[in-house]
Amino acid sequence: MAYIDVEHLYRRYHTGGTEIIANNDVTFSVEKGELVIILGASGAGKSTLLNILGGMDSPNEGRVVVAGRDIARLDRRELTRYRRTDVGFVFQFYNLVANLTAKENVELASEIVRDAQNPVEVLKLVGLEGRLNNFPAQLSGGEQQRVAIARAVAKNPKILLCDEPTGALDYRTGKQVLKILQDMCRVRGATTLIVTHNAALAPIGDRVIHMRDARVVKIERSEHPADISAIEW
Amino acid sequence: MEPRNQNAPRARHRLRRGGKHALWRDIRASIRRSKGRFFSIVGLMALGSFALVGLKVAGPDMRAAGAQYFQSLNAADLTVIADYGLTSADQELIAQVNDLRQVEYGYLKDVVIKGTDTSVRLQSAPEDVSLYEVVQGSMPEVADEVALDEKLADAYRLGDTFSVTEKADAQGNTVLTRTSFTVVGFVRSPEIVSKINHGESTAGSGELDAYGVVAPAAFDSDVHMTARLTFTDTEGLDPYSDAYDEAVHEHKNELEDLLAQRPAARLAEVRADSQQEIDDGQAQVDDGRAELAQAAAELADARTQLDSGAAQITTAENTLTSQLAAAGDKLASGAAQIRSGRIQLAAGEAELARKEADLAAARQQIAAGQEAYDAAASELAAKKQEYHAGVAAYRQVAAELAQKQDAYGQGAAALEDARAELAAAQDAVDAAQAQITAASEKLEQGKQGYDAALDQAASARGQAEQACADATEKIDALDAQLAVPDLADEKRAQLEAARAEVAVQLEKAQAAAAAAADAEAQAQAARDAFMDETYNPGAQELAHKQAELDAQAAALKPKQEELAAKEQELAGAAQQLEEGRAALAQSKQQLDDAAAQLATGRSKLAASATQLAQARSQADDGAAQLAAGRQTLEQGADLLAQKEQELAAGQAELAQARAAGEAEIAAAKQELAEKEAAYEKARAAYEDERPGAEADLAQAEAELAEAREELAGLEQPSYTVSSRREVPGGDGYRVYQTVAEIIDALANVFPIFLYFVAALVTFTTMTRMVEEERINSGTLKALGYSDRDVMLKFVVYGFAASTLGSLLGIAAGHTVLPWIVYAAYGAKFTLPAITLTFDPAVSAVALALGYASAVLPAALSAKQELTARPAELLLPKPPAAGSKILLEHVRPLWRRLSFTQKVTARNLFRYKKRMLMTIFGVAGAVVLLVAGFGTQYSISGISDEQFGRLVSYDMIVAESPTATSTELDALASCLAEKDVARSLPLYYENVTREAGARMDTQDITMIVPDDPAELADYITLQVRATGEPITLTDDSVVLSERLAELLGVGPGDTFTVTDATGTERTLAVTDVCEMYLGHFLFVGKGAYRRAFHAPYEKNAYLVTLANGSADAVNAAACSFMELPAVKGIQQNTSLKAEIATIVDSLNMIMVVLIAVASMLAVVILYNLTTINVSERLRELSTIKVLGFYDNEVTMYIYRETIILTLIGIVAGWVIGVWFRNYIITVVPPDNVMFDPGFAVYVFVIPLVIVGVITVALGFAVNRRLVKVDMLEALKSVE
């Protein structure tokens, strides 16, 4: 039994009479502590998959078992609790609350779970110990994304989901962010799934899931993933 | 980033295809997409303009209705009422006023409905001025008709009898000619327009209950009571305009100046009249007294006279007695002498008498002889005469008889002639009759011959016809036999032969019948010819002759009768002749006997005459002797008689003297007795009548004293010149105007604030919209649309929303609000329904304000945005940078806040604009609610405050200045009765002062209590703000608060009032007391004396009844009104009724305004919450993703709303208090102070309303947030 088991997952959208299938019979599994890269072009269905794993969306068919619990069968409130306790989310556009400082943005998450990490500690972890009381507008993009990662990690989530975390960042900063994510996984053992269209990132994953046209086309297992510093794109 | 922005690409796409057409489609789409916002603006504008327009037009609408009504009835502009009536002198003065259009004088009298206390004012029907509106029936035309107050229509029907009781005035006069009327109509007065309060009355309880109109003929009064005037310069003016007020005010002053001298003059007139009456009365009393004294004196005189008369009578009696005694003695001696003389005379007399008797006997014999002779002689003469007459008669009869014999012979001859003639005529008639009979017989024979011939012919024809019929019958029988079909031929032949035979017989018979018929015809013709030519003419001629003969025979008949009569007559005459001859022979025999008797009588008579002559000469000798003796005797007798006569005269004289004296004395005594009786009677009468007369006189004097007292108490009559607002019963007019003015006053504050709030929220909303559409605008601009095109969208959006909203509000404001207002006051006035008018100005203002708050901000902020380059516009506006807030610097406090509190605090201060808008919006709604409820509280409470807490007396009983001391005693005893709990004597006067915005005459009740300490039992005097009681002292001048406010005076200031005589008095205020209805002035005695330069004198009582219920007060008022010492009653009822009308009307308006404010609160909160959610959707999605539960998400944002709302409510309370206080200084009428206090509910209800709205919107927000697609929001770029 893997940590995450996705079996025969279907997700269909109906828009104006036409049916769009975003996930078509998606099946894969992830072991605890793995860093998984979900790779695919725009519209391949990877964000939909991530949303379902993050408890923000529910599949039409199939099972999504996370840490032994099928989240496909949860109701709204249980899903919210799942998001609250089990999932950390990092977005492409950071989604920090502009009116809160870096520390407060982390606190926003840590306040709502029982065994949260100290926000200041987490921010130190992402190298922002000097920017604790800065507002998002006063931070660079990378810094903002690091705050977002700190916010996601502070809750001690079972899985860390990242949707194009470097999409809005330049190369160097993107690398830094990925480094942090890799460290989070390696050092802290957080099961991390990163969605990206950048195939260059594939080597850093323990597992790489290739998606195309709403289907999983290939799953690669790498015994020795590359360190982020070793890869270039 | 907003969800709407995702439409930008779509819009762009459309624009590329459709050009400017697409722009319009985009505008329409943006309205569709944001229905909530669009209709928020529509709602805000509608509410704002509804309140603004509605309140602005409701007052003018009311006045328009009133103005039309008063103009249609030609209501008087001014009314003059004089206490003692208007005389011709007054009328001359009134006629001098400038611009006078019409003046009409009328009568009026307050009466009560018979058997009730219901007071009714009967007025004379007007001709031109202040006409009545006839609701049913007609106006009265004759003296016994009445048209009644519409409100009596329940109690009376047309044709009913309406009976009243008129109380006579002090002089006992009445002015109505009758007390029973027939109801002919129901009317409304243009002067008494309130259905609740008709003003004061001099009848019933002192409050006028109803009115009626009668024909002037129903009044009998020397003076008119009222003059109603209209003016040329007020004609057509709006009676509620300043111009009208000024004109009327000017005329009022003019009239008052004209009439200024009249009160004194009229008082002098009335005084003079009354004085004259009193003087006359006094003269009568004096006369009465004099008469009484004179009667006493006369009685005393009579007594004296009676006493002296009695003495005189006694003296006279004594004198008479002695005189009579002397005379009696003298007479007695004379009488004795006469007695002896009389005896001698009697002897001589006796001798003479014997001789005379002898002579008389002789004379008697002679006379008898003469008498016998005379009788015989006259008998003889008579018989002789008789004989001669008999001879003459005999001769005449003989002649007559001979004459009759001749006549008889002539008659018999004539008779014989007539008899012969008659016989000849009879013979001729008989011959003619024989001729006629023969001719007739001949004719009859001819006729009989013809008839026989005819009969013969007819029988011949009958036989022939019978033969025919027999033959025919036979033929028919044979035919019947032949008709049998199976007849044997043989038999048939037989039968046919027989038939032929019979046929031949028939033919013959028919020929014979024809011949017989001919013969009959000829015989008939011959007979007819005979009858026509011979028989009929002959018979006719014979009949004619027979007739002539009958006539001749008839003519003979009377002649025969005449002849018979004459024969009978002649027979009679022959018998008479015979009888006459016998009688004549008998007469001849008698005549011869009489001649023989006459001869013997003559010889006897001659012998008697000789004897008589001898006896006569003897008698004459005896008579001569007797005459000599008599003469001697007579001389002695004469002497004696003379003496006797003398004695008799003496005696008579004495008797007469005695009788006269006695009679005289008796008469004197009688007279004295009579006089005594008369005296006694007079004395008794005097004694009887004296007490009554004295009592009458005393009463008359008492009455005179009263009249003098009344005269002394007579005051100058007041000549009251009243405008429509001031006329008695004009309370309704005033209250109506007040209600309209209150609405005006409200319109000037309430909706303006309301509109301000609505406009501000609209302004913000539009600004927000422009910001939201930033990227869309950038796209349009990038596509090459001009700034104008881009702006057009917002302008159109704002224009459409505000036009729609304003028009809705304008329409509803022009109709719904006036009707609600009318519903509030309508039932209390007789005025017609409110007139809906259209006010273009306020409508234009509402539209303009709508554009100013919706279109202008859109255009301005769009223009500002568009100055940026399109590239910048395409990027979302950078979110407001987070920053430390002030609170964070307060370290200890900040540290204590929980994380969520910190977040909320920071968010609150981050969106300052929205924060202020929310606070302001909520505060605005709360201000309106607090003001609405607060004003409602202020107005609804005053009646309770005034009559529950401050005033505990039930009525003021005013004494009549002309009341006499006995009447006052009656009043005092009435006040001492047990249903009166307590009463306080005081001096009471209505003083006036012109004050207020309109400079209306303010009626001020001035009270100078007898005992200042006791006033507190009737009126609580206290300072409102502190509740500190005010102690009234001798020098106090306490002014009620509203008046102090109107005059702008406080303790220590001086002010003037005008007293009843028109003199201005100056007083210095010592305190200002709490009072809500009416103006009061409480003055100490000392202060009164100094200010009014008059001694204190009580003239009224404050009365508190044991039972203060309205019925009990009314009943008590009625019984007080019946006392002559009571001039009038002032109850608090009219004030209460007036305030109730105002309160009800205002209440209704307040309810509307509260509803509007509540809806405004809904729209504002909805709008702000929507904006808040929309602006922060991304942030909300983030925390939702982070795992916030739904209610945590809602509270994350709504906590701010709640805090802002709470702040808004508190701010609203503060501003609302201020605003309410402003309203109650601006809105109330001059004589009313609204209660400035507050009740807790005034604050709680707005809190609850806003709270409920907030919570309800919270649920709505929650539902919306649950549905929010967090992924959509998070995906887009920021």
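Note on naming: letters A, B, ... go to the chains in the order of the sequence lines (proteins, then strands), and numbering restarts at 1 for each one. Computed over heavy atoms, backbone and side chain alike; hydrogens, waters and symmetry mates excluded.
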Can you tell me if [atom1] on [X] sees more than 12 non-hydrogen neighbours from other groups inside 6.0 Å?
| X | atom1 | result |
| --- | --- | --- |
| A:Lys103 | NZ | no |
| A:Asp25 | CG | yes |
| B:Arg1263 | CZ | no |
| A:Arg212 | CZ | no |

Problem - Residue A:Arg76 versus chain B: region with a heavy atom under 4.5 Å - result: side chain
Handout entry: Under 4.5 Å from a heavy atom of chain B, the part of A:Leu108 involved
Key =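 Both parts, backbone and side chain.
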Problem - Member of A:Arg151, A:Arg83, A:Arg84, A:Glu111 meeting the side chain to side chain contact (heavy atoms under 4.5 Å, CB included) criterion with B:Leu1186 - result: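 In the set A:Arg151, A:Arg83, A:Arg84, A:Glu111, the residue that makes a side chain to side chain contact (heavy atoms under 4.5 Å, CB included) with B:Leu1186 is A:Arg151.
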